[in-house]
Amino acid sequence: MTTAREADPLVIRRLEFLGGQASATGWKPVSELPEIAFSGRSNVGKSSLLNKLVRRKALARVSGTPGKTREINFFRVNDAFHLVDLPGYGYARVSKTARNAWRPLIEGYLRTSKHLRGVVQLIDARHAPSADDFRMMDFLASLGVPTIVVATKVDKLSRSERGPTLTALATQLGIEDDQLIPFSARTGEGRDDLAQAVVSLLSQPSWRES
Ligand code: GTP
Ligand code: MG
(Lines give C-alpha, C1' and ligand atoms only; values in the text may rest on other atoms or scores of the structure.)
(Ligands and ions follow the chains in the order given, each with its own letter.)
Protein backbone atom coordinates (compact mmCIF):
# COMPACT_ATOMS: atom_id res chain seq x y z
CA MET A 1 0.00 0.00 0.00
CA THR A 2 1.28 3.46 -0.82
CA THR A 3 0.96 6.22 1.70
CA ALA A 4 0.02 9.67 0.50
CA ARG A 5 2.82 12.19 0.64
CA GLU A 6 2.33 14.54 3.55
CA ALA A 7 0.62 17.73 2.52
CA ASP A 8 2.97 20.61 1.75
CA PRO A 9 2.55 23.13 4.58
CA LEU A 10 3.38 25.98 2.20
CA VAL A 11 2.18 25.62 -1.38
CA ILE A 12 3.61 28.43 -3.50
CA ARG A 13 1.05 29.62 -6.02
CA ARG A 14 2.37 33.08 -6.75
CA LEU A 15 5.73 34.67 -6.17
CA GLU A 16 6.95 38.16 -6.98
CA PHE A 17 10.14 40.08 -6.36
CA LEU A 18 9.10 43.53 -5.15
CA GLY A 19 12.45 45.28 -4.88
CA GLY A 20 15.32 46.13 -2.60
CA GLN A 21 15.66 48.57 0.28
CA ALA A 22 19.16 50.05 0.24
CA SER A 23 19.10 52.35 3.25
CA ALA A 24 17.17 52.79 6.47
CA THR A 25 15.19 55.64 4.93
CA GLY A 26 15.13 54.21 1.40
CA TRP A 27 12.35 52.60 -0.65
CA LYS A 28 10.36 49.77 0.88
CA PRO A 29 7.07 48.24 -0.16
CA VAL A 30 3.93 50.01 1.00
CA SER A 31 1.80 47.14 2.20
CA GLU A 32 -0.17 45.73 5.07
CA LEU A 33 0.98 42.16 4.46
CA PRO A 34 2.81 40.36 7.28
CA GLU A 35 6.55 39.85 6.91
CA ILE A 36 9.00 37.08 7.81
CA ALA A 37 12.65 38.13 7.72
CA PHE A 38 15.67 35.90 7.13
CA SER A 39 18.91 36.74 8.88
CA GLY A 40 22.36 35.25 8.96
CA ARG A 41 25.98 35.87 8.28
CA SER A 42 27.29 36.09 4.77
CA ASN A 43 27.71 32.71 3.05
CA VAL A 44 25.53 30.91 5.63
CA GLY A 45 23.31 29.63 2.82
CA LYS A 46 20.46 32.13 3.06
CA SER A 47 19.74 32.49 -0.66
CA SER A 48 19.91 28.72 -1.10
CA LEU A 49 17.48 28.22 1.79
CA LEU A 50 15.02 30.78 0.42
CA ASN A 51 15.08 29.13 -3.00
CA LYS A 52 14.43 25.74 -1.41
CA LEU A 53 11.65 27.12 0.76
CA VAL A 54 9.76 28.49 -2.25
CA ARG A 55 10.85 25.63 -4.52
CA ARG A 56 12.47 27.89 -7.12
CA LYS A 57 15.88 27.46 -8.68
CA ALA A 58 16.88 31.08 -8.51
CA LEU A 59 14.52 33.38 -6.71
CA ALA A 60 17.35 34.66 -4.55
CA ARG A 61 20.80 34.71 -6.11
CA VAL A 62 23.19 32.06 -4.80
CA SER A 63 26.55 33.73 -4.81
CA GLY A 64 30.05 32.57 -5.42
CA THR A 65 31.18 35.91 -4.02
CA PRO A 66 29.92 36.32 -0.48
CA GLY A 67 28.83 39.65 0.90
CA LYS A 68 27.44 40.95 -2.37
CA THR A 69 23.83 41.51 -1.37
CA ARG A 70 23.73 44.82 0.47
CA GLU A 71 20.02 45.44 0.19
CA ILE A 72 16.96 44.14 1.97
CA ASN A 73 15.06 42.22 -0.69
CA PHE A 74 11.28 41.81 -0.50
CA PHE A 75 9.35 38.94 -2.09
CA ARG A 76 5.57 38.64 -2.08
CA VAL A 77 4.22 35.11 -1.67
CA ASN A 78 0.69 34.06 -2.67
CA ASP A 79 -0.43 37.71 -2.26
CA ALA A 80 -0.51 36.80 1.42
CA PHE A 81 2.84 37.64 3.01
CA HIS A 82 6.37 38.90 2.37
CA LEU A 83 9.63 37.05 2.67
CA VAL A 84 12.32 39.57 3.59
CA ASP A 85 15.91 38.67 2.71
CA LEU A 86 18.24 40.68 4.95
CA PRO A 87 21.83 41.30 3.79
CA GLY A 88 24.34 38.79 5.12
CA TYR A 89 26.49 40.25 7.88
CA GLY A 90 30.01 39.67 9.07
CA TYR A 91 31.80 39.03 5.82
CA ALA A 92 35.45 39.05 6.84
CA ARG A 93 37.12 40.01 3.60
CA VAL A 94 35.84 43.57 3.45
CA SER A 95 36.87 46.67 5.40
CA LYS A 96 35.67 47.12 8.95
CA THR A 97 33.50 50.04 7.83
CA ALA A 98 31.85 47.92 5.14
CA ARG A 99 31.50 45.08 7.63
CA ASN A 100 29.57 47.31 10.03
CA ALA A 101 27.46 49.01 7.35
CA TRP A 102 24.72 46.41 7.74
CA ARG A 103 23.88 47.39 11.28
CA PRO A 104 21.80 50.55 10.75
CA LEU A 105 19.96 49.00 7.81
CA ILE A 106 19.19 45.60 9.35
CA GLU A 107 18.64 46.77 12.90
CA GLY A 108 16.59 49.74 11.68
CA TYR A 109 14.36 47.42 9.66
CA LEU A 110 13.88 44.99 12.54
CA ARG A 111 13.16 47.79 14.97
CA THR A 112 10.64 49.68 12.87
CA SER A 113 8.89 47.35 10.40
CA LYS A 114 5.28 47.38 11.46
CA HIS A 115 4.35 44.09 9.86
CA LEU A 116 7.25 41.92 10.96
CA ARG A 117 5.86 38.68 12.43
CA GLY A 118 9.01 36.72 12.95
CA VAL A 119 12.65 36.16 12.07
CA VAL A 120 14.34 33.04 10.76
CA GLN A 121 17.92 33.16 12.04
CA LEU A 122 20.39 30.99 10.12
CA ILE A 123 23.49 29.51 11.71
CA ASP A 124 26.05 27.43 9.83
CA ALA A 125 25.93 23.96 11.39
CA ARG A 126 29.62 23.39 10.80
CA HIS A 127 30.94 26.28 12.84
CA ALA A 128 30.49 27.73 16.29
CA PRO A 129 28.29 30.84 16.17
CA SER A 130 30.30 34.00 15.42
CA ALA A 131 30.38 37.13 17.58
CA ASP A 132 28.03 38.71 15.04
CA ASP A 133 25.65 35.72 15.33
CA PHE A 134 25.50 36.16 19.11
CA ARG A 135 25.03 39.88 18.71
CA MET A 136 22.15 39.31 16.31
CA MET A 137 20.51 36.70 18.56
CA ASP A 138 20.79 39.12 21.49
CA PHE A 139 19.32 41.90 19.42
CA LEU A 140 16.37 39.72 18.36
CA ALA A 141 15.82 38.67 21.97
CA SER A 142 15.91 42.30 23.13
CA LEU A 143 13.20 43.16 20.59
CA GLY A 144 11.15 40.17 21.65
CA VAL A 145 10.43 39.15 18.07
CA PRO A 146 9.50 35.45 17.62
CA THR A 147 12.58 33.74 16.20
CA ILE A 148 13.15 30.40 14.51
CA VAL A 149 16.73 29.14 14.41
CA VAL A 150 17.88 27.03 11.48
CA ALA A 151 21.16 25.13 11.31
CA THR A 152 22.24 25.26 7.64
CA LYS A 153 24.36 22.92 5.52
CA VAL A 154 23.76 19.89 7.76
CA ASP A 155 24.59 17.64 4.77
CA LYS A 156 28.20 18.56 5.50
CA LEU A 157 28.09 16.88 8.91
CA SER A 158 28.94 13.20 9.04
CA ARG A 159 26.44 10.83 10.66
CA SER A 160 28.53 10.59 13.79
CA GLU A 161 29.14 14.35 14.05
CA ARG A 162 25.57 15.35 13.49
CA GLY A 163 23.90 14.69 16.87
CA PRO A 164 26.66 16.10 19.09
CA THR A 165 27.26 19.09 16.81
CA LEU A 166 23.60 20.14 16.74
CA THR A 167 23.27 19.66 20.51
CA ALA A 168 26.38 21.76 21.12
CA LEU A 169 25.09 24.45 18.77
CA ALA A 170 21.72 24.61 20.57
CA THR A 171 23.52 24.83 23.93
CA GLN A 172 25.76 27.66 22.71
CA LEU A 173 22.73 29.54 21.43
CA GLY A 174 20.82 28.97 24.64
CA ILE A 175 17.92 27.16 23.00
CA GLU A 176 16.47 23.65 23.27
CA ASP A 177 17.55 21.03 20.71
CA ASP A 178 14.05 20.89 19.30
CA GLN A 179 14.02 24.64 18.67
CA LEU A 180 16.76 24.22 16.10
CA ILE A 181 15.68 23.15 12.62
CA PRO A 182 18.36 21.14 10.79
CA PHE A 183 18.38 22.22 7.16
CA SER A 184 20.12 21.36 3.91
CA ALA A 185 19.52 23.15 0.64
CA ARG A 186 21.43 20.33 -1.02
CA THR A 187 19.21 17.45 0.14
CA GLY A 188 16.03 19.39 0.93
CA GLU A 189 16.08 18.22 4.53
CA GLY A 190 14.16 20.55 6.81
CA ARG A 191 12.26 22.35 4.05
CA ASP A 192 8.82 21.28 5.24
CA ASP A 193 9.69 21.83 8.91
CA LEU A 194 10.80 25.36 8.09
CA ALA A 195 7.71 25.96 5.92
CA GLN A 196 5.52 24.76 8.79
CA ALA A 197 7.31 27.05 11.24
CA VAL A 198 6.91 30.04 8.91
CA VAL A 199 3.21 29.32 8.46
CA SER A 200 2.74 29.09 12.20
CA LEU A 201 4.55 32.43 12.77
CA LEU A 202 2.19 33.98 10.23
CA SER A 203 -0.85 32.61 12.00
CA GLN A 204 0.06 34.23 15.31
CA PRO A 205 -1.02 37.75 16.22
CA SER A 206 1.66 40.42 15.90
CA TRP A 207 4.13 40.44 18.82
CA ARG A 208 4.39 44.23 18.54
CA GLU A 209 0.81 44.69 19.64
CA SER A 210 1.06 42.35 22.62
P1 GTP B 1 25.59 35.83 0.67
O2 GTP B 1 24.26 36.32 0.13
O3 GTP B 1 26.69 35.98 -0.32
O4 GTP B 1 25.91 36.44 1.97
O5 GTP B 1 25.47 34.23 0.93
P6 GTP B 1 24.19 33.35 1.33
O7 GTP B 1 24.06 33.27 2.79
O8 GTP B 1 23.00 33.79 0.57
O9 GTP B 1 24.65 31.89 0.86
P10 GTP B 1 24.38 31.17 -0.54
O11 GTP B 1 23.03 30.56 -0.55
O12 GTP B 1 24.74 32.08 -1.65
O13 GTP B 1 25.42 29.95 -0.41
C14 GTP B 1 26.78 30.17 -0.16
C15 GTP B 1 27.56 28.93 -0.55
O16 GTP B 1 27.19 27.82 0.28
C17 GTP B 1 27.29 28.49 -1.99
O18 GTP B 1 28.48 27.97 -2.51
C19 GTP B 1 26.25 27.38 -1.82
O20 GTP B 1 26.27 26.44 -2.88
C21 GTP B 1 26.67 26.74 -0.51
N22 GTP B 1 25.51 26.16 0.20
C23 GTP B 1 24.36 26.78 0.52
N24 GTP B 1 23.51 25.95 1.15
C25 GTP B 1 24.13 24.75 1.23
C26 GTP B 1 23.77 23.46 1.79
O27 GTP B 1 22.69 23.24 2.35
N28 GTP B 1 24.70 22.48 1.70
C29 GTP B 1 25.91 22.67 1.12
N30 GTP B 1 26.75 21.64 1.09
N31 GTP B 1 26.29 23.85 0.59
C32 GTP B 1 25.41 24.87 0.64
MG1 MG C 1 22.56 35.55 -0.47
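Positions are given from 1 along the sequence. For the numbers below, each heavy atom of this structure counts, side chains included, while hydrogens, waters and symmetry mates do not. Order of listing sets the numbers, starting from 1, for every ligand and every atom in it.
- Summarising the contacts of atom 4 (O) of ligand 1 with Ser42, Gly88, Gly45, the nearest heavy atom is found in Ser42.
- Applying the side chain to side chain donor-acceptor pair (under 3.5 Å) test to Asp155 and every residue at least two apart in sequence or in another chain returns Ser184.
- Side-chain atoms of Asn51 and Ser48 include no donor-acceptor pair closer than 3.5 Å.
- Results of the salt bridge (Lys or Arg N to Asp or Glu O under 4.0 Å) test with Arg76 over Glu16, Glu32, Glu35 single out Glu16 as the only residue that passes.
- Taking CD of Gln179 as the start and CD1 of Ile148 as the end, the distance is 11.0 Å to the nearest 0.5 Å.
- Using a cut-off of 2.8 Å, one finds that Ser47 contributes an N/O/S atom close to the Mg ion (ligand 2).
- Using a 4.0 Å cut-off between charged nitrogen and carboxylate oxygen, Arg13 and Asp79 do not count as a salt-bridge pair.
- Of the candidates Arg186, Lys153, Glu189, Lys46, Lys153 brings a heavy atom nearest to atom 22 (N) of ligand 1.
- Judged purely by distance below 3.5 Å, without hydrogens or angles, the side chains of Gln121 and Ser39 pair a donor atom with an acceptor atom.
- Side-chain contact between Phe74 and Gln21 is present, with heavy atoms from C-beta onward closer than 4.5 Å.
- Residue contact annotation: Val44 has a non-hydrogen atom under 4.0 Å from ligand 1.
- Taking every non-hydrogen atom of Ser48 and a distance limit under 4.0 Å, the qualifying atoms of ligand 1 come out as 10 (P), 11 (O), 13 (O), 23 (C), 24 (N).
- Residues satisfying the side chain to side chain donor-acceptor pair (under 3.5 Å) test with Gln196, not counting sequence neighbours, are none.
- Numbered from 1 in the order shown, with element, the atoms of ligand 1 that lie under 4.0 Å from a heavy atom of Ala185 read 24 (N), 26 (C), 27 (O).
- Under a 4.0 Å criterion applied to the non-hydrogen atoms of Lys156, ligand 1 contributes the atoms 29 (C), 30 (N).
- By the criterion of a heavy-atom distance under 4.0 Å, the side chain of Asp155, and not its backbone, is placed next to ligand 1.
- When each atom of ligand 1 is checked for a heavy atom of Ser184 under 4.0 Å away, the hits are 27 (O).
- No heavy atom of Gly40 sits closer than 4.0 Å to any atom of ligand 1.
- Contact atoms of ligand 1 toward Ser47: 6 (P), 8 (O), 11 (O) (distance under 4.0 Å to a heavy atom of the residue).
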